[in-house]
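Each chain gets a letter, A, B and so on, in the order the sequences are listed, and its residues count up from 1.
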There are 2 protein chains.
Amino acid sequence: MPKMQLTQSKITDAALSIAEQQSYEAVTMANIARALSIKPPSLYNHFKNLDEIKQEMALIAQQKLYEALKDKNTLLSLAKKYVDFSISYPGLYTASLRGGTGKTGHAIVQLFANTPVLAGLVEKEKIHAIRGFRSMLHGFIDLQYHEGFKMNVNLEESLVRMVGIFERGLSG
Amino acid sequence: MPKMQLTQSKITDAALSIAEQQSYEAVTMANIARALSIKPPSLYNHFKNLDEIKQEMALIAQQKLYEALKDKNTLLSLAKKYVDFSISYPGLYTASLRGGTGKTGHAIVQLFANTPVLAGLVEKEKIHAIRGFRSMLHGFIDLQYHEGFKMNVNLEESLVRMVGIFERGLSG
DNA sequence: AATAGTAAACTAATACTATTAGTTTTACAA
DNA sequence: TTGTAAAACTAATAGTATTAGTTTACTATT
């Protein structure tokens, strides 16, 4: 009954907390409402629907991913941190995928673009290279995710090798 | 009321049809039951739950993927067919991911392993290379999927370049 | 052929999911 | 102080998977 001044930011904060501590699948209207001690319909006074909440979550999750990556400047260090983020915060990583490539998305792409092996390429080739590298990273993460993180032991070695092959393919 | 001799195979066939013609998300107990003109609870006489149905779907979908790939013997032709399959039958491709790496999964891996650029590598390196290549393919597909197949025009070119980079990184 | 047993369907109910309509309450501003 | 608007609510709908318990239909045996 009290008005508790609910805001969009409080809602997305709650939603991100759930994604981070439980899972992305646990981000439901009921769970968000419970975390805020309100009833689900109240959320519709601030967001059109669950999808809009997830859209907003994606933007913030992308910013957190950017923050984690921003001081890295080689393909390997970016790749390692990228994978590390997706393992440490799977819910946040999943959330980050549900948003298009906005401002933050471009900023992340720029981190890859400014890497030694990529910086020298002509624009067109650079775009394809970045697309390929990100595909590789995301695919690596997603396949691990689907297979339940089985062979964790070789995970880092596989990543290092993959990045090595890609770098050699670019510079050679 | 008639008994209509429902079998596991008829159920998975119906489920795969739904995945193929509608979407993987449309694979629900209600939809499967409707396709078979029965009520949802009847499905539980043949499968423990929806997850087991999806498990079985995964095996069959992997077989269909293998069939589509089996006559290809270069990384590029495999990659093109792989992406083609995922675009032509997104529901089937999604289904194929929900199963671990069983017999068919290994058969698919062998197709990559027998490729000219990979066949010569020592076993350990080969494993990492295959893992990397499949990650790249899957990531490429999944990112397109999440971004809604925006830039379809450059899709093929990006793929060709990616494969080129990877091949050069291996042989160089 | 009658009957027992089993397999496979059913109905009804539970507990979730998102969402909408309509109502009440709270807070703030005139 | 009172009116208005924002923000909460309750109640309901339609969808999801699943379970319990019941009935139907077929099959095999006596």
S.K.: Search all heavy atoms of A:G99 against all heavy atoms of A:A58 and return the closest pair with its distance.
M.R.: N-CB, 3.5 Å
S.K.: Report the distance from atom NZ of B:K10 to atom P of C:dA8, rounded to the nearest whole Å.
M.R.: 11 Å
S.K.: For A:K39 and C:dG22, what is the distance between atoms NZ and C1' respectively, to the nearest whole Å?
M.R.: 18 Å
S.K.: Per the atom types in the model, does the base of C:dA9 pair as donor or acceptor with the side chain of B:N45 at under 3.5 Å?
M.R.: yes
S.K.: Sorted by first residue and then second, give each ring-ring contact (aromatic ring centres under 6.0 Å, His included) pair with at least one member in residues 30-84 of chain A; sequence neighbours left out.
M.R.: A:Y82-A:Y93
S.K.: Salt-bridge test for A:E123 and A:K126: reply yes if a basic N is under 4.0 Å from a carboxylate O, no otherwise.
M.R.: yes
S.K.: Polar atom pairs between nucleotides 15-19 of chain D and protein, under 3.5 Å, N or O only, would you list them?
M.R.:
residue: D:dA17; atom: OP1; partner: B:M29; partner atom: N; Å: 3.0
residue: D:dA17; atom: OP2; partner: B:M29; partner atom: N; Å: 3.3
residue: D:dT18; atom: OP2; partner: B:Y44; partner atom: OH; Å: 2.8
residue: D:dT18; atom: OP2; partner: B:L50; partner atom: N; Å: 3.0
residue: D:dT18; atom: O5'; partner: B:Y44; partner atom: OH; Å: 3.2

S.K.: Can you check the A:L36 CG to D:dC9 P distance for me, whole Å?
M.R.: 10 Å
S.K.: Let's test this: given Watson-Crick or G-U wobble pairing with both distances under 3.5 Å, identify the partner of D:dT30.
M.R.: C:dA1
S.K.: Would you say that B:R98 contacts B:M57 through its side chain, given a criterion of any heavy-atom pair below 4.5 Å between the two side chains?
M.R.: no
S.K.: Taking ring-ring contact (aromatic ring centres under 6.0 Å, His included) as the cut-off, I'd like each qualifying pair that reaches into residues 101-125 of chain A, sequence neighbours left out, listed once.
M.R.: A:F112-A:F133
S.K.: Using side chain to side chain donor-acceptor pair (under 3.5 Å) as the criterion, list what pairs up with A:S9, not counting sequence neighbours.
M.R.: none
S.K.: Please check this pair: side chain of A:T28 against backbone of A:N31, looking for a donor-acceptor N/O pair closer than 3.5 Å.
M.R.: yes
S.K.: Among residues 15-24 of chain B, which contact DNA chain C at a heavy-atom distance under 4.0 Å?
M.R.: none
S.K.: Tell me the interatomic distance from A:E25, atom CD, to C:dA18, atom C1', rounded to whole angstroms.
M.R.: 16 Å
S.K.: Taking only side-chain N and O atoms of B:S42, does any of them lie within less than 4.0 angstrom of OP1 or OP2 on C:dC10?
M.R.: yes
S.K.: Return the set of residues passing side chain to side chain contact (heavy atoms under 4.5 Å, CB included) with B:S17 (not counting sequence neighbours), or none when no residue passes.
M.R.: B:Q21
S.K.: State, to 0.1 Å, how close A:T115 and A:N73 come at their nearest heavy-atom pair, and which atoms those are.
M.R.: OG1-O, 3.5 Å
S.K.: Should B:H46 be listed as having a side-chain N or O under 4.0 Å from OP1 or OP2 of C:dA9?
M.R.: yes
